[in-house]
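Inspection log for the structure reproduced underneath, given as structure tokens.
Indexing begins at 1, ligand by ligand and atom by atom, following the structure's order. All of these numbers come straight from a predicted model, not from anything done at the bench.
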Amino acid sequence: MKVVDLRSDTVTQPTPAMREAMMAAPLGDDVFGDDPSVNLLQDALAAALGFEAALFMPSGTQSNLCALMSHCQRGDEYIVGQFAHTYRWEGGGAAVLGSIQPQPIAHAPDGSLPLADIAANIKPDDAHFARTRLLALENTIGGKVLPLAYLSEASHLALTHGLARHLDGARLFNAAVACAHEFGHDPYAAAKGICSHFDSVSVCFSKGLGAPVGSVLCGSRDFIKRAHRWRKMTGGGLRQAGMLAAAAHHALEHHVGRLAQDHALARHLAQGLQSLNGVTVEAPQTNIVFVDVAPGKAAGLLDHLKARGVLATGLYRLRFVTHLDVDAQGVDRAIAAMREYFEGV
Ligand SMILES: *Cc1c(COP(=O)(O)O)cnc(C)c1O
């Protein structure tokens, strides 16, 4: 039985075509800046998203960390969501390594940070306070797409107060595909449109895009120069990284449009689960389906699924993530295993 792994979109294996692209990649020493495949990826993404420059990073966490440290100095703070990756899921790196203070804010139900709450948390220039320097948003956030009008307003608010704007776009292209209809059905135009509201953006290639490793940080030339120093200092200078960059470049060219299939499968999964007794399903906007399980029902569920070749994560709030290596049969198996558990048939 083929296991359907819905734990995360990070579990994807490189496709045969991606492996070929990796094997064929011309290589150099990227610490000297002469790996042509790394340079190609950086230039391609910067151009696609409308930035001056870009930098290949080993992970999204390092990319976000270098971004925060390039925007903020010791004693500065960034405004960020309570459940944002850059606050909750990165080991406190900005505080530990950057002496940068996070100012977390509760999310609205749509994942956004209410503008009034952002404004209320921007500190006056007073020796009592950290210097508020940056607004850090995330899109998608918990699988939700931040509305374009919101991005524009939040960006305007930040600029009005002299704040820089960073986007954790680990799943930028999922957001772009989900709002592509507002950009003539062109997901690349949508990604660029989203990025137009930010000074820097970090994009993960190892999530739904299906590359084995790698993120890219985009920004102005000057910003990327600062980030380059932090990347070196945090141990992220790689040598013949072109093999990895080639995988990401292949994903950029071939795996963006197909994210729509992941989103369709997520909707299919949600539809299959919503009528089950004892579960509450949140309608997915992209590739992540959250399912709330009645408290008495949670224990034993993950083991039940696993025994039927279905992997998921979470406890009371179950998470299923669709991706490149999940097909309709796998989703149907997940639905059947859930039905068996909750309805005994
Ligand atoms: C996965 C992820 C990252 C970074 O992940 P790495 O595992 O460090 O590559 C950053 N932000 C979000 C929203 C993510 O989902």
Side-chain angles (χ1 to χ4, degrees), residues 5-12 14 41 45 54-71 78 80-94 96-98 102 104 107 110-113 134-146 151 165-178 191 194-195 198 200-218 227 230-231 234-236 238 241 244-245 247-248 251-252 259 262-263 266 284-290 313-314 317 319-324:
D5 194 341
L6 297 160
R7 289 173 302 169
S8 174
D9 47 10
T10 55
V11 302
T12 54
L41 171 67
L45 193 70
L55 191 62
F56 186 61
M57 295 278 189
S59 73
T61 298
Q62 190 168 53
S63 184
N64 280 325
L65 175 65
C66 291
L68 294 174
M69 291 175 75
S70 300
H71 282 300
Y78 63 110
V80 64
Q82 271 288 355
F83 287 91
H85 206 278
T86 51
Y87 170 58
R88 190 169 285 255
W89 304 97
E90 297 183 359
V96 174
L97 299 168
H107 298 270
D110 69 356
S112 67
L113 307 181
L134 176 73
L135 174 64
L137 297 179
E138 184 175 317
N139 197 16
T140 60
I141 170 85
K144 291 177 180 168
V145 182
L146 293 179
L151 293 181
R165 306 152 300 168
H166 174 68
L167 179 68
D168 178 354
R171 296 189 178 85
L172 169 70
F173 284 103
N174 292 91
V177 163
I194 292 169
C195 290
F198 295 92
S200 60
V201 173
S202 172
V203 178
C204 281
F205 284 91
S206 58
K207 301 270 165 91
L209 291 177
V213 170
S215 288
V216 175
L217 180 63
C218 298
W230 290 124
R231 187 186 72 171
T234 52
L238 300 177
L244 300 174
L252 180 62
L259 291 171
D262 300 344
H263 299 179
Q285 295 178 15
T286 57
N287 68 328
I288 306 180
V289 182
F290 285 104
T313 55
R317 186 147 230 237
R319 191 181 89 151
F320 297 98
V321 187
T322 57
H323 52 75
L324 198 57

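- Numbered from 1 in the order shown, with element, the atoms of ligand 1 that lie under 4.0 Å from a heavy atom of S59 read 8 (O), 9 (O).
- Using a 4.0 Å cut-off between heavy atoms, A170 contacts ligand 1 through its side chain alone, with no backbone atom that close.
- For R171, a nitrogen or oxygen atom sits less than 3.5 Å from a nitrogen or oxygen atom of ligand 1, counting backbone and side chain alike.
- Looking only at heavy atoms of the protein, atom 7 (O) of ligand 1 is closest to T61 OG1, 4.5 Å.
- By the 4.5 Å heavy-atom criterion applied to side chains, H107 and L113 are counted as neighbours.
- Not one N or O of C204 is nearer than 3.5 Å to an N or O of ligand 1, by distance alone.
- At a 3.5 angstrom cut-off on N or O pairs, T140 does not count as close to ligand 1.
- Protein heavy atom in closest approach to atom 9 (O) of ligand 1: G60 N, 2.8 Å.
- Listed by number with element, the atoms of ligand 1 under 4.0 angstrom from any heavy atom of E90 are 10 (C).
- Side-chain contact between I288 and R319 is present, with at least one heavy-atom pair separated by less than 4.5 Å.
- Protein heavy atom in closest approach to atom 5 (O) of ligand 1: K207 NZ, 3.7 Å.
- Within the 4.0 Å heavy-atom criterion, neither part of I141 lies near ligand 1.
- Shown are N287, N174, T322; of these, the side-chain hydrogen bond (donor to acceptor under 3.5 Å, both in side chains) with H263 is made only by N174.
- Taking the ring-ring contact (aromatic ring centres under 6.0 Å, His included) definition, one finds that H71 meets it with F223, sequence neighbours left out.
- Remark: C218 SG to L45 CG distance equals 4.0 Å, nearest 0.5 Å.
- Taking a cut-off of under 4.0 Å to the non-hydrogen atoms of E138, the atoms of ligand 1 that pass are 13 (C).
- Counting heavy atoms under 4.0 Å from ligand 1, residue D168 touches it through the side chain alone.
- Under 3.5 Å, the side chains of H323 and D5 contain no donor-acceptor pair of N or O atoms.
- Defined by atom type and a distance below 3.5 Å, a donor-acceptor pair is missing between the side-chain atoms of S215 and S63.
- In this view, R88 satisfies the salt bridge (charged side-chain N to carboxylate O under 4.0 Å, His left out) rule with no residue, not counting sequence neighbours.
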